**Q** 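Have a look at the structure that comes next, please.
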Amino acid sequence: MFKIVTFPLGPLETNVYLLLNEATKEALIIDPGMNPDRIFKPLEGYEVKAILLTHAHFDHIGGLKQVRDRYGCPVYIHHEEAEWLTSAEWNGSLRWPQVTRPMTFEPAEHLLEDGQELELIGHTFKVLHTPGHSPGSVSFLHDKHLFAGDVLFRTSVGRTDLPGGNPRELFKSIQEKVLPLGDHMNVYPGHGPATTVGYEKQHNPFL
Ligand SMILES: [Zn+2]
Ligand SMILES: [Zn+2]
């Protein structure tokens, strides 16, 4: 197994997830937020093998350059948002001058597809394409853990009013990809506390 370390980063309190294999001293970073300085300490002594992006909104990718420069590890993103890393318009950073400067990054090393399996830090992670909040939103599944980005939150769902968002697709993603994973599936969202599929089935007013 791996240890999951998480905390919110940046003005939009975006959750970063650090997955630490304590046996092999390998680590993964999911969504390196904005102002990622806080992640460096818990990663001390680990070899960071990859940065996985659930999607390319600026609050999820703001720390990308800093983290990449430090660890020299490859970046993974769904192919439908490959160009968002290099476009301040698409990643939203042009749109909110009050919280961020425009940001662009080098392209990702790896482009993801639905159903793909990634072998990283001694574990298998399945890529589920879960669009709706954004067209290339993905969730990463390992055993009873789903890192879902901005698809599903505790008692809420991702917004669909940003460029490329689509409410029908979002509900389709949740209904067809997330809920069938079963009540005991732990869901780790891009904002706010973790939840489970069962809890959301009972308490989420949007479902
Ligand atoms: Zn987002
Ligand atoms: Zn977000």
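For ligands, and for the atoms within them, numbers begin at 1 and follow the listed sequence. In this chain, numbering begins with 1 at the start of the sequence shown. Predicted, not measured: the structure shown is a model, and the values here were computed from it.
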**Q** Just verifying a value: how many Å separate D114 CG and E80 CD, rounded to the nearest 0.5 Å?
**A** 10.5 Å
**Q** Roughly, to 10 degrees, what angle do D150 atom OD2 and H133 atom NE2 form around the Zn ion (ligand 1)?
**A**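 Once rounded, the angle between the two atoms at the Zn ion (ligand 1) is 90°.
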**Q** Does the ring-ring contact (aromatic ring centres under 6.0 Å, His included) test come out yes or no for H142 and F2, once each step is laid out?
**A** CA-CA 10 Å; H142 172 81; F2 46 79; 5.1 Å; yes
**Q** Which value, rounded to the nearest 0.5 Å, describes the distance between I174 atom CD1 and K201 atom NZ?
**A**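 So the gap between those two atoms works out to 13.0 Å.
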**Q** Does H55 bring an N, O or S atom to under 2.8 Å of the Zn ion (ligand 2)?
**A** no
**Q** With respect to the Zn ion (ligand 2), what is the nearest N, O or S atom of D59?
**A**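 The D59 atom nearest to the Zn ion (ligand 2), restricting to N, O or S, is OD2.
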**Q** Is the ring centre of Y17 less than 6.0 Å from the ring centre of Y188?
**A**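 Ring-ring flag for Y17/Y188: true, centres closer than 6.0 Å.
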**Q** Got a sec: is H57 within less than 2.8 Å of the Zn ion (ligand 2) via an N/O/S atom?
**A**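 Given the 2.8 Å cut-off, H57 does not count as a ligand of the Zn ion (ligand 2).
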